[in-house]
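Counting convention: from 1, in listed order, for ligands and their atoms alike. Reckoned from all heavy atoms, side chains included, excluding hydrogens, waters and symmetry mates.
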Amino acid sequence: MKKILDMLSEEMGKAFEAAGYDGTLGKVTVSNRPDLCEYQCNGAMAGAKRYKKAPIAIAGDVAEKLTDSQVFQEVLAVTPGFLNLKLSEKFLLDVIKTMAKEPKFGVEMPENPKKIIIDYGGPNLAKPLHVGHLRSAILGESVKRICRYAGNECIGDVHLGDWGMPMGLVITGLKEKHPDWPYFDEEYEGDYPTEPPFTVSELEEIYPAASAKSKEDPEFKARAMKSTYKLQNGVRGYRALWKHILNASVADLKKNYSALNVEFDLWKGESDVHDLIPEMVDEMKAKGYAYISEGALVVDVKEETDTKEIPPCMILKSDGAALYNTTDLATIKERVRLYQPDEIIYMTDKRQELYFEQVFRCARKTKLVKPEMELKFLGFGTMNGSDGKPFKTRDGGVMRLEKLVQDTKDEMYKKIREGREMPEQEAKEISDVVALSALKYGDLSNQASKDYIFDIDKFTSFEGDTGPYILYTIVRIKSILNKYKEQGGQMEQLELLEADNEAEKAMEMVLVQFNTMVRNAAEETAPQRVCAYVYDLANAFNHFYHNVKILGEACENKRKSLIALLILTRDIMETCIDLLGFSAPEKM
Ligand code: ARG
C-alpha cells in the first residue's frame, strides 16, 4: 500500500495538471494548522512566479478541479494561495479496509531487501551487565525488530567481550585461589571436569579483585599477561578453563537478556576471530596499507576533507599484541565471508564514535568490505540519574542491570497495587510485564544519541508519554472487546463503515499513518518514531473512547464497525510495542 501522503499528492498532482499546471506542484503535506485543515498543499505559492499568476488564482483553478474528488471532502483555496484540505470519510475508509486485509497493515516491502547484521549487547565475560549495556540491548533489539519488520533480513550478534587481558586476569585470579586445579598443571594429560568449578557470582567477584590487583602489583600484572598469552596460544588447561568461563557466563547472560525480551541470533565473540588475525595483518602489510610507526603497526585513515584530527588505526601494539580494533576489523572480514551483509550496524555508547570511524575507514581502505557495503555507527547517550550525572548506586558504584530492573519492578508493583484489588501473585506477574515497558519506553522514546534521565517515578506512571500508559490503553481496548464477546457479540465478518464523528475520523487519520511511520523508522533506524506514533494513537483512541459510545451504540451495524476499528487499533498498537520489544498483559 502506498504512503498516504503519496496518494494525496498524486490526486493533487492530477488536479494541477488538469488545470494546466505542472503536476509536481501537487505535493501534499500534513497540515501545520490542524485547527483549519487536515492536510495542505503549497504548490500554488511555488508556481506563482513560473506562471506569472497570483497564487490564489492558481489555487482557485486547482480547487475547482477537485469539486467532486473521491479523496478530498473539502478543498479550500485561501489567501495568499494555500490549499487547505480535508479527507473524505469514504477515502479514509477505503484505506483502512486495505490496511486491515494486507499483510503488515500495508507496509510496502522493499524491492531489494537488505541483509543487515546488528552488533549490539557487547557484554563482557565474568563481568556483570551494567546500565551501559542496557541501552545497547534495548535500542539494538528494537532497531533489529523494526528493520526486520520493514522487510530486511536482520541478524543480531551479541559480540561478546570474551578474549584478551580480562580473561587473563580472571584465570590468574583463579590460579591464585586454586593452584592445585588440573587446568594449571601443564603436564596433565587427562580429561578436565565437564562442569565448571565455579559459579557466575564467584567469577564476578574474581574479576574486579584481579583487575584492581593488577593495577597495584606489577608482578601480578605480568602473570596475568602471561596467562593471556597462554590462553591465546592454545595452552590446553587454560583453554578448558576459559571454556567453562564462557559457558557459565553465556548461560547467565542468556537468562538476563531473555528477561529483557532481547534475543540474539548469533552468540559470537571476540575470541572467534583470534585465529584470523595473523592472516589479515599479513595482508595489510603486504598490500602496503599497514606500516610501523613508533614500534606499532598502524594504518593511516585521515582524509583530506577532515576538519578534525583522525589518528591512525592501530593494528598491533609494539609488543605484537592485537587490540580491540584488530578484533573488530577481523570480525568485519569474517562477517563478510560468512554472511555477505549489505550493512553492519553497531550500537554502542557514543563515546566510541571516533573509534568506529577509524575502524570503518580502515576496513574500507584495506578493502575488507566492498565500497557499497554500509558500516553504520549508532551511538547512544548516557543514562543519567536524577542529579544529571551517570547512573550510579547509592554508594557511588556502577549500577548493575539486575538491580535497576528489580527497582523498576518494585516501583511498578507498588503502583499496580495502589488502586486495585488483585491477588498478590497476579499483581506481581502484571507488574513485571509493565515494568519492562516502563524501562524500555523510557529509553526508546528519547532520541538515541541524547543523554536522558532515568526518572523511575515518571517512567512508571500510567499517565503521559510512558510505557504503562500505552499498555493501559491496549488493555482498555482488550477489555471492551472481551465485554463485547461476553455479551454475545460476534467477532467475524465485521464490516467497517465510514466514520461519522470527529473522534473516530481523527483516530483513523492516525491509523493510516502506520505504513509511513514504519518505513521512516526503518530508514532512520529510529525507535523513537514508533514511540511517538503509538503515543499519538493511544491519545486518539482515548479521545475516541471518551466521546463515542461503543458497546452502547444502538445501531448493530455501526457497533460492529466500531468493534472492527478497535480490533485494528489493538493489532497495530500491539505490533508497535512488539517493535519496541515489550508486550501487554491481558489486564492491569
Ligand atoms: N564489549 C564492549 C564493552 O563492553 C562493547 C563491544 C561493542 N561492539 C563492538 N563490536 N566493538 O565496552
Should H133 be listed as contacting ligand 1, given a heavy-atom distance under 4.0 Å as the test?
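Right, H133 reaches ligand 1.
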
Contact partition for [X] relative to ligand 1, non-hydrogen atoms under 4.0 Å:
{"X": "F356", "answer": "side chain"}
{"X": "N124", "answer": "side chain"}
{"X": "D328", "answer": "side chain"}

Test log, rule side-chain contact (heavy atoms from CB on, under 4.5 Å), inputs D119 and M347:
CA-CA 6 Å; D119 180 318; M347 197 89 227; over 6 Å; no

Could you tell me the residue and atom name of the protein heavy atom closest to [atom], and the distance to it rounded to 0.1 Å?
{"atom": "atom 3 (C) of ligand 1", "answer": "G122 O, 3.7 Å"}
{"atom": "atom 6 (C) of ligand 1", "answer": "Y324 OH, 3.4 Å"}
{"atom": "atom 12 (O) of ligand 1", "answer": "Q352 NE2, 4.0 Å"}
{"atom": "atom 8 (N) of ligand 1", "answer": "D119 OD1, 3.3 Å"}

Quick test of your reading of the model: are [X] and [Y] salt-bridged, counting only N-O distances below 4.0 Å?
{"X": "D443", "Y": "K440", "answer": "no"}
{"X": "K333", "Y": "E283", "answer": "yes"}
{"X": "K403", "Y": "D407", "answer": "yes"}

Atom indices of ligand 1, in the order listed, that fall short of 4.0 Å to a heavy atom of [X]:
{"X": "T348", "value": "7 (C)"}
{"X": "H159", "value": "8 (N), 9 (C), 10 (N)"}
{"X": "Y346", "value": "10 (N)"}

Nearest 0.5 Å please: distance from the CD1 atom of I416 over to the CE atom of M588.
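Spacing of CD1 (I416) from CE (M588) equals 5.0 Å.
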
R148 side chain to C154 main-chain N or O, any donor-acceptor pair under 3.5 Å?
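Checked: pair present.
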
Less than 6.0 Å separating the ring centroids of F360 and Y355?
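Distance test on ring centres: not under 6.0 Å, no.
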
Crowded around D319 CG? As in, over 12 foreign heavy atoms under 6.0 Å?
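Buried by this count: over 12 neighbours within 6.0 Å.
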
